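These numbers were taken from a predicted model, which means no experiment stands behind them.
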Number of protein chains: 2
Amino acid sequence: MDALVTTAGKSPAENLNAQAKRVEILSAMKEQNLNDQEPPRNGLQGAKTLVEYAYRCLRKDIIDGTLPPNSKLRIEHIRKHYQIGSSTMREALSLLVADALVTVEGQRGFRVSPISIEDLIDVTRMRKLMESMALRESIERGDDAWEAGIVAAFHRLSKVEERLVLEPSIMVDAWEACNAEFHKALIAACTSRWTLHFREILYYQSERYRRFSLMTNGSRRNVHSEHEEIMKAALARKADLACDLIDDHLDRTINGMKSILAEV
Amino acid sequence: MDALVTTAGKSPAENLNAQAKRVEILSAMKEQNLNDQEPPRNGLQGAKTLVEYAYRCLRKDIIDGTLPPNSKLRIEHIRKHYQIGSSTMREALSLLVADALVTVEGQRGFRVSPISIEDLIDVTRMRKLMESMALRESIERGDDAWEAGIVAAFHRLSKVEERLVLEPSIMVDAWEACNAEFHKALIAACTSRWTLHFREILYYQSERYRRFSLMTNGSRRNVHSEHEEIMKAALARKADLACDLIDDHLDRTINGMKSILAEV
DNA sequence: TTTTTTAAAAATCTCGATATTTTTTAAAAT
DNA sequence: ATTTTAAAAAATATCGAGATTTTTAAAAAA
């Protein structure tokens, strides 16, 4: 399989089984998503189209750094890698503009959004605002199911953290998924669509920075106790305390990144 | 020439008087727009691609109500109206998802985002936050050029407001443009990209609600003095006062809309 | 050498045809 | 009469070729 990011090197098109392969991938995804508990985005249930499939692949590859910041996204190149048509790929890229993970300039194509320390600070400041607002409302409105969701997510996260110590590189993806679920569970009772919408966008942005810094700096502080404290404060309905803890949590998460990015 | 908005697929249950009135005005606007039949791709403010052209046309038509909330956006239909290919149209629609003016559901196509009183309240609350943050930072950092920009924008807005009294229907577009420029000038010195990004999205949302309510309720309170007060406070670097005034200004702007939307 | 011009290469952008899915309509069955 | 099934129609989704623009490279001019 050819690399996703290369300056040259084109493989001859083997379109014979292309369609069959696509169908295979799609049906596999559908089944997988049927068992999935989480609607991916906008209340959509499962990836029903190739656009959606390409959108998710691209988002994953941008966030985990496979597609580096500011790199050019040449349609012809990546469309062959993902085995889809050019129009379909363009549509997926256009959707990623919504998440500010991709930028587009007329007649000059698409690029992975750049990263910078200024942007990291801006993202974090805004995210603290959104997370606090969402958490505060959740604490006010959350019912028993909300509490149960938090406890369950925390438990899953804790389990993964145990295994993370043993096999760090393998478990990173799983930890990120559980971490996302835990933070989502905390604010699950918030009813403000715009707060949640902006929060989600910023969460993806933060995750990209976090994973970028993890590539060079493998050290991981003990976030377990921080999560536990946040959970306890939320379940005890101490809104002010919980929001302060979330703020500190997000600040600490980026502090390590600042020094790394400063070198770049 | 066929109409831009087909009536097919409309549920018969919603036959309130207010609704009928709006629909009547809507179709009037619609005909007016379609009778134009201008060569569609002329003086389009520097759009470098057809995608960008279609994106702007669609955004305008959604905001000014030509394309009503929740209406289906059938690719084959609208692509012929705008005279572009289907893939190009899909890409433009995908970009509009970024602005939350269009929603997309797999295998079921695109729709104009719905409106509701709950969403209006949510939009306004969030927009007050973004406008206040941006204005406060602008007041701290703004230089002479920033001040000059505000004064100039206010002057242009005032001139248009004079003519607005004489010929309301014709000048609505011009007033909206000047109003947007004035509010943009106020926050021009803000450096936070994310604040500005979210603010812009929410501004378009607000404009859609504003124009929707103006179709039935032509009465326009005197916003001139409100704008003047905001300007004076900003130029005097009274951040707290200016933010309070902006908050009140945005609150007043939506109060009229609430009663109208409540009927629907 | 440095800049300008020109031609070739590569990439983006656009289109309409075709495949797939959903929706509608009609017929058949309970 | 209501529900099921099946065929037809309509709409969405996908593709790859061709048109347009940008980028690269080389040649010509300063």
Exercise for the section: Counting heavy atoms from C-beta on, name the nucleotide in C/dT12, D/dA17, D/dA13 closest to the side chain of A/Ser86. Expected result: D/dA17
Exercise for the section: Indicate whether OP1 or OP2 belonging to C/dC13 is found under 4.0 Å from a side-chain N or O atom of A/Arg90. Expected result: yes
Handout entry: Atom pair distance, as rounded to whole Å: CG in B/Leu50 and C1' in C/dC15
Key = 10 Å
Problem - Over-ring placement of A/Arg127 relative to A/Tyr204, 6.0 Å and 45° cut-offs - result: no
Practice task
Using atom CD1 of B/Ile78 as one end and atom P of D/dA11 as the other, report the distance to the nearest whole Å.
Solution key: 12 Å
Exercise for the section: Represent DNA chain D in dot-bracket notation, 5' to 3'. Only Watson-Crick or G-U wobble pairs with both distances under 3.5 Å count; pseudoknot-style crossings use [ ] and interstrand partners use |. Expected result: ||||||||||||||||||||||||||||||
Problem - Partner set under side chain to side chain contact (heavy atoms under 4.5 Å, CB included) for A/Lys72, not counting sequence neighbours - result: A/Arg74, A/Arg111
Exercise for the section: Starting from the C-alpha separation in whole Å, work towards a yes-or-no answer on side chain to side chain contact (heavy atoms under 4.5 Å, CB included) for A/Ile201 and B/Trp194. Expected result: CA-CA 11 Å; A/Ile201 291 174; B/Trp194 284 97; 3.8 Å; yes
Handout entry: A/Arg79 side-chain N/O to D/dG16 phosphate OP1/OP2 under 4.0 Å
Key = yes
Exercise for the section: For A/Ser87, report the nucleic acid contact type (base, sugar-phosphate, nothing); a contact means any heavy atom under 4.0 Å. Expected result: base
Exercise for the section: Examine D/dC15: is either OP1 or OP2 under 4.0 Å from a nitrogen or oxygen in the side chain of A/Thr88? Give yes or no. Expected result: yes
Exercise for the section: Starting at atom OH of A/Tyr82, determine the distance to atom C1' of D/dC15, rounded to an integer number of angstrom. Expected result: 19 Å
Problem - Out of D/dA11, C/dT14, D/dC15, whichever nucleotide has its closest atom nearest the side chain of B/Lys72 - result: D/dA11
Fill in the blank from the handout: Contacts of B/Asp173 meeting side-chain hydrogen bond (donor to acceptor under 3.5 Å, both in side chains) (sequence neighbours excluded), chain-then-number -> B/Arg211
Practice task
Report the residues that fulfil side-chain hydrogen bond (donor to acceptor under 3.5 Å, both in side chains) with B/Ser138, sequence neighbours left out, ordered by chain and then residue number.
Solution key: none
Using the 3.5 Å cut-off, write out each protein N or O paired with an N or O of nucleotides 21-25 of chain D and the distance between them.
unit_1	atom_1	unit_2	atom_2	d
D/dT23	OP1	A/Arg108	NE	3.2

Practice task
Figure out the NZ/C1' separation between B/Lys80 and D/dT12, and round it to whole Å.
Solution key: 14 Å
Practice task
Kindly assign one of parallel, tilted or perpendicular to the pair A/Tyr203 and A/His183, based on the angle between their ring planes and the thresholds 30° and 60°.
Solution key: tilted
Exercise for the section: Give the nucleotide from the list D/dT12, C/dT14, D/dA13 with an atom nearest to the side chain of B/Phe110. Expected result: D/dA13
Practice task
Rounded off to whole Å, could you give me the CD-to-C1' distance for the B/Glu76 and C/dG16 pair?
Solution key: 9 Å
Problem - Spacing of A/Glu52 atom CD relative to D/dT12 atom C1', expressed in whole Å - result: 15 Å
Exercise for the section: Salt-bridge test for B/Arg193 and A/Glu118: reply yes if a basic N is under 4.0 Å from a carboxylate O, no otherwise. Expected result: no
Practice task
Indicate the atoms forming the closest heavy-atom contact of A/Gly106 with B/Lys48, along with that distance.
Solution key: O-CD, 4.4 Å
Handout entry: B/Thr195: partners by side-chain hydrogen bond (donor to acceptor under 3.5 Å, both in side chains), with sequence neighbours left out
Key = B/Ser192
Handout entry: Separation of D/dA13 P from B/Glu91 CD (nearest whole Å)
Key = 15 Å
Exercise for the section: Could you tell me whether B/Leu73 contacts a base, only the sugar-phosphate backbone, or nothing, with contacts defined as non-hydrogen atoms closer than 4.0 Å? Expected result: sugar-phosphate
Practice task
Scan A/Thr103, A/Asp99, A/Val97 and name whichever one has a side chain to side chain contact (heavy atoms under 4.5 Å, CB included) with A/Leu101.
Solution key: A/Asp99
Handout entry: Separation of C/dG16 P from B/Gln83 CD (nearest whole Å)
Key = 10 Å
